[in-house]
Structures are given as structure tokens and as C-alpha cells.
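The next block holds one structure in the form of C-alpha cells; read it before the comments.
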Amino acid sequence: TYVVTDACIKCKYMDCVEVCPVDCFYEGENMLVINPNECIDCGVCEPECPAEAILPDTEGGLEKWLELNSTMSANW
Ligand code: SF4
């Protein structure tokens, strides 16, 4: 799955939401998050993010963000 990280906080761009083929972006308190159960790992959103806030979870050290994305998107 892809994960939204802290660079997204208060970002006003929604380009990632528009390109996602499965609509798995959700609005968290002050940032967007990706539902890891719905993300199909297509990677289309990553280059669309002007803040470079979206990263694949295969990059190390993102456990905290993955958990946050999971929790914040689970309420829907
Ligand atoms: Fe959506 Fe693809 Fe980005 Fe996953 S990697 S959030 S499916 S655009």
C-alpha cells in the first residue's frame, strides 16, 4: 500500500484524490490518508503529490504513518 505522511498536513492540493482509480483517499483531521485495505498499489498518486507526502510502505520507517492512515480511514 501507499501511505500519506506528514508533508500532507494542511496541504490544499487534492490531485492525488482525483487520480486514484479506487477512491481510497479519505480526509483525516488535518491531512488526507489512504485506506491500506483499498489501495491497489498502482502508484499513480505518488508523482501527483506536490508535497511528496505519498510514499510506498516498502520504504522503511513508515510504520507509524501506516497505522495512522489505517486508523483515520477506518471510520468510514
Ligand atoms: Fe490510489 Fe493507486 Fe495511490 Fe493506492 S497507489 S492510493 S490505489 S492512486
Side-chain angles (χ1 to χ4, degrees):
T1 183
Y2 276 67
V3 182
V4 184
T5 63
D6 54 346
C8 175
I9 294 173
K10 300 196 176 134
C11 172
K12 295 199 186 83
Y13 296 95
M14 301 282 277
D15 306 47
C16 54
V17 179
E18 277 162 36
V19 296
C20 179
V22 294
D23 280 331
C24 64
F25 279 92
Y26 294 87
E27 213 164 337
E29 273 174 47
N30 53 7
M31 60 183 279
L32 295 172
V33 292
I34 291 171
N35 185 320
N37 299 320
E38 295 172 6
C39 174
I40 55 169
D41 256 330
C42 71
V44 169
C45 57
E46 189 182 5
E48 295 299 323
C49 177
E52 292 180 21
I54 304 172
L55 300 169
D57 75 339
T58 46
E59 278 196 27
L62 295 177
E63 292 81 8
K64 191 185 103 182
W65 291 106
L66 178 59
E67 198 185 317
L68 193 84
N69 278 244
S70 190
T71 315
M72 279 190 180
S73 60
N75 301 327
W76 296 74

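Fair warning: this is a prediction, and the values are worked out from it, not measured in the lab. The first residue in the sequence is number 1, and the count goes up from there. Order of listing sets the numbers, starting from 1, for every ligand and every atom in it.
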Query raised in the report: For the atom pair OH (Y2) and CG (D41), what is the distance rounded to the nearest 0.5 Å?
Result: 6.0 Å
Requested in this report: Show which atoms of ligand 1 fall inside a sub-4.0 Å distance from at least one heavy-atom site of C24.
Outcome: 1 (Fe), 6 (S)
Query - Value rounded to 0.5 Å, distance of OG1 in T5 from CD in E52 - result: 10.0 Å
Query - Min heavy-atom dist P56 to ligand 1 below 4.0 Å - result: no
Query raised in the report: Do C20 and C42 have side-chain heavy atoms sitting under 4.5 Å apart?
Result: no
Query - I40 near ligand 1 by a heavy-atom separation under 4.0 Å - result: yes
Query raised in the report: Near atom 2 (Fe) of ligand 1, is there an N/O/S atom from C42 that is less than 2.8 Å away?
Result: yes
Query raised in the report: Which ligand 1 atoms are under 4.0 Å away from a heavy-atom of I34?
Result: 6 (S)
Requested in this report: Would you mind running through ligand 1 and noting each atom that sits below 4.0 Å from a heavy atom of G43?
Outcome: 2 (Fe), 5 (S)
Report summary line: If we number the atoms of ligand 1 from 1 as shown, the ones under 4.0 Å from a heavy atom of C45 are 3 (Fe), 5 (S), 6 (S), 8 (S)
Query raised in the report: Side-chain contact, heavy-atom cut-off 4.5 Å: L32 with M14?
Result: yes
**Report entry** atom 4 (Fe) of ligand 1 [closest protein heavy-atom partner, distance rounded to 0.1 Å]
**Finding:** C39 SG, 2.3 Å
Query raised in the report: About how many Å separate SG of C11 and CG of N30, when rounded to the nearest 0.5 Å?
Result: 11.5 Å
Query - Numbering as shown, the atoms of ligand 1 that approach P21 to under 4.0 Å (heavy-atom distance) - result: 8 (S)
Requested in this report: Give, for atom CG of N37 and atom SG of C24, the distance between the pair rounded to the nearest 0.5 Å.
Outcome: 10.0 Å
Query raised in the report: Backbone or side chain, does C20 get an N/O/S atom under 2.8 Å to atom 1 (Fe) of ligand 1?
Result: yes
Query - Numbered atoms and elements of ligand 1 in range of V22, under 4.0 angstrom, heavy atoms - result: 7 (S)
Query raised in the report: Out of curiosity, L55 CG to T1 OG1, how far, rounded to the nearest 0.5 Å?
Result: 11.5 Å
**Report entry** W65 side, atom CH2; M72 side, atom CE - distance, nearest 0.5 Å
**Finding:** 8.0 Å
